[in-house]
Protein chains: 2
Amino acid sequence: MRVTADDVAEAAGVSRAMVSRAFTEGAPIAARKRAHVLAVAESLGYRPNRIARGLTGSQTGLIALVVGAVSRPYEAWLLETMSREIRAARNWPLLLQVQPGDELDNALEDALAYQVDGAIVAAGSVSPALAERCRNSGAPIVMVGRIMPGGDTDAVCCDNRLGLELLVDHLASSGRKKLAWIGGTPETFSNIERHDGLMQALARRGMKLLAARQGDYSVDSGLAQALTLLTAPEKPDAILCGNDAMALGAIAAARRLGLSVPGDVAITGFDDIPAAAWEPYQLTTVRNPVLETTREALRLLRQRIEGRSGTHDSDPAAEIVRLSPELIIRQSA
Amino acid sequence: MRVTADDVAEAAGVSRAMVSRAFTEGAPIAARKRAHVLAVAESLGYRPNRIARGLTGSQTGLIALVVGAVSRPYEAWLLETMSREIRAARNWPLLLQVQPGDELDNALEDALAYQVDGAIVAAGSVSPALAERCRNSGAPIVMVGRIMPGGDTDAVCCDNRLGLELLVDHLASSGRKKLAWIGGTPETFSNIERHDGLMQALARRGMKLLAARQGDYSVDSGLAQALTLLTAPEKPDAILCGNDAMALGAIAAARRLGLSVPGDVAITGFDDIPAAAWEPYQLTTVRNPVLETTREALRLLRQRIEGRSGTHDSDPAAEIVRLSPELIIRQSA
DNA sequence: CTGAAAGCGCTTACAG
DNA sequence: CTGAAAGCGCTTACAG
């Protein structure tokens with residue numbers, strides 16, 4: 001059978017409470033005794049049962065991690081970073097992958113039943129009611145890449161408008177005049193902000209859009225929409241895409257039509273996913289600061305988790321962190 | 001505070017045991033009473049605490065899921081499929097992402113402390129000692145894409161040799177004579193089998209390899225190695241790559257050198273990741289049956305988990321499932 | 001610093 | 001089918 005704290009206590013000649021303390025950082029226990037208990041535990045192959053510990057203690061070490069479908073390169077990149085950082089903080093991610101638009105109330109409730117210490121939500125939509133429930137259950141949520149309407153949930157998000165400003169600036173100053181836009185999934189937070197940023201950047205320069213199409217953030221949609229744009233009577237000399245994946249598709253479209261990139265048409269993305277740097281693409285884009293985003297999200301979460309043990313009367317206001325994207329100039333524009 | 005089973009019991013006018021039974025499939029409870037308890041629970045917003053349940057009951061519903069870095073497309077595809085299927089089975093994946101070659105004993109021990117019901121290991125290396133420990137802790141392991149030397153751990157794995165046989169057959173019958181190979185990370189199970197399968201397929205036809213290079217399963221390594229092959233004095237007329245990612249790199253290399261694919265050189269991959277079908281690639285490859293693999297892995301795991309509650313005296317022998325890859329012919333070969 | 005005791009929120013024999 | 005009781009493996013006041 002599994003070895004238990006009682007077994008260790010007996011073997012070490014101490015009380016069960018002491019073996020618990022030996023494994024609890026900062027618990028009152030003589031240094032020598034701790035060393036002894038730990039040694040005995042090691043020799044017996046004992047590890048505290050985290051489930052039992054979770055029942056009593058204040059934390060389970062579990063964090064719900066909600067991301068979009070990782071077959072999409074940006075999501076994969078985000079997940080990879082988050083999962084690594086969560087583990088580095090000695091927590092375990094409970095993974096929930098959702099399709100765009102998925103209601104995740106049910107799934108998150110389920111995660112709550114596991115007494116997760118908190119949740120990082122980078123996809124799907126959570127109702128205000130659920131966010132409220134999470135707070136009450138002592139499981140803070142932090143949103144990534146989106147900001148909840150009420151403004152009472154912590155969030156960390158890239159400055160999408162600035163990103164488009166940087167891209168338009170780059171294109172305009174390299175003499176591009178006829179800009180077209182391929183937007184991502186409509187109604188998504190990022191798409192709304194990016195489109196908005198684009199329109200502002202153009203307005204600021206007295207420019208206007210030649211054409212706008214709508215994709216769904218996938219490579220295929222970028223390909224299809226770019227094909228339409230590039231076979232229209234009046235062709236754009238630059239296509240801004242709502243994310244990198246669509247931009248990769250747009251590059252493929254241009255090539256299929258025998259157009260040179262950036263000679264005939266400049267193409268830009270958003271995110272700077274790993275594939276953006278690959279040989280056949282060399283995509284000019286803006287970098288979504290995924291690592292900084294992850295660290296900030298974890299910091300906010302940690303802050304709430306600690307805070308929750310303090311005075312309950314006044315929850316500090318929600319913190320919204322905006323991170324700046326960086327222009328990455330490669331060959332495509 | 002959180003509402004507890006006692007609260008529900010009181011509100012419903014039954015014992016705490018009955019509310020537990022109401023939430024336990026197949027537990028002895030009158031249908032009407034169950035409905036009543038469930039209704040009361042719902043109105044109170046009660047959900048059984050899975051941590052408490054895990055302490056008493058026989059299952060936690062947690063499954064450790066070990067995959068390689070998901071920035072790699074095959075791993076992303078696998079993770080996406082596995083996480084979806086695990087959730088569909090109403091379990092939660094505890095995600096562990098590892099780098100190739102990572103010893104995952106420590107991490108898995110940690111997962112064991114969470115009383116996971118089992119583990120699916122698709123990356124990293126687990127020592128026989130750990131596999132043993134897992135079995136003893138009642139947390140069966142099933143390996144995916146690799147088979148443990150001892151042969152006493154369940155595994156499901158693609159028939160790598162058959163895959164190469166299909167590819168060589170296709171190339172040979174389209175008249176290719178000078179075949180080159182770009183292998184993946186050496187010492188990995190898949191690489192050894194694929195290389196082996198290649199050599200067997202060639203031998204069977206009295207052919208031999210023009211050249212062999214070694215990559216690391218990344219796009220960049222495929223690009224670099226293909227560049228070398230394609231600038232050598234004697235160029236291959238076909239390059240077989242150990243996986244799709246390297247094949248995508250190889251296609252980029254050919255293009256960079258102004259060679260046509262498949263005109264000047266045929267290029268093949270392995271896996272059939274989503275990107276293989278993308279416009280600029282149109283990769284001919286063999287499909288690694290990821291969904292079937294996932295389902296088989298879950299079936300094996302489930303089988304062990306159920307089995308463990310039965311008679312303990314004789315563990316059924318390990319089951320090794322081999323799944324056949326399928327040739328997917330596109331443009332690149 | 002240390003130990004005995006109570007309790008975390010459930011489930012499951014046990015006895016009706 | 002139902003309830004009272006014991007127990008899962010810990011942690012944490014409480015009293016030394």
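Protein chains get the first letters and strands the later ones, always in sequence-line order, with residue 1 at the start of each.
Here the side chain of R322(A) pairs a donor or acceptor atom with the backbone of C158(A) at under 3.5 angstrom. Listed for the D154(B) side chain is no donor-acceptor partner under 3.5 Å among the backbone atoms of A318(B).
Between dA6(C) and dT2(C), the distance separating the two P atoms is 23 Å to the nearest Å.
When side chains are defined from C-beta on, V121(A) does not count as touching L96(A), because their heavy atoms never get closer than 4.5 Å. Put simply, the side chain of R299(A) reaches to within 4.5 Å of the side chain of V321(A), judged on heavy atoms.
Electrostatic pairing of E132(B) and R135(B) counts as a salt bridge here, judged by a charged N lying under 4.0 Å from a carboxylate O.
Within 4.0 Å (heavy atoms only), F23(B) reaches no atom of the nucleic acid at all. Residue contacts for S20(A): at a heavy-atom cut-off of 4.0 Å it reaches a base atom on one of the strands shown. Among the atoms of the strands shown, none is found under 4.0 Å from any heavy atom of R50(B). A17(B) comes within 4.0 angstrom of a nucleotide base, judged by non-hydrogen atoms across all strands.
When each of T153(B), I120(B), L301(B) is checked for a side-chain contact (heavy atoms from CB on, under 4.5 Å) with P140(B), only L301(B) meets the rule. None of R53(B), R34(B), M18(B), R47(B) except one satisfies the side-chain contact (heavy atoms from CB on, under 4.5 Å) rule with F23(B); the exception is R53(B).
Contacts between residues 24-33 of chain B and DNA chain D, counted as heavy-atom distances below 4.0 Å, involve P28(B), I29(B), A30(B), K33(B).
Secondary structure note: stems in DNA chain D built from 3 or more consecutive Watson-Crick or G-U wobble pairs under 3.5 Å occupy C:1-3 with D:14-16, C:5-12 with D:5-12, C:14-16 with D:1-3.
Using modelled atom types and a 3.5 Å distance limit, the side chains of E85(A) and T294(A) yield no donor-acceptor pair. Looking at T60(A) and Q115(A), their side chains never bring a donor and an acceptor atom within 3.5 Å of each other.
Each of V14(B) and V19(A) lies near DNA chain D, and the nucleotide nearest V14(B) is the one positioned closer to the 5' end. The nearest heavy atom of DNA chain C to R21(B) and to Y46(B) marks one nucleotide each, and the one closer to the 5' end goes with Y46(B).
Here the straight-line distance linking atom CZ of R21(A) with atom OG of S15(A) works out to 6.5 Å at 0.5 Å rounding.
First and last contacts of DNA chain C with chain B, using any nucleotide atom under 4.0 Å from a protein heavy atom and ordered 5' to 3', fall at dG9(C) to dA13(C).
Summarising the geometry of L323(A) relative to P289(A), their closest heavy-atom pair is CB-CG, 3.7 Å, with the distance given to 0.1 Å.
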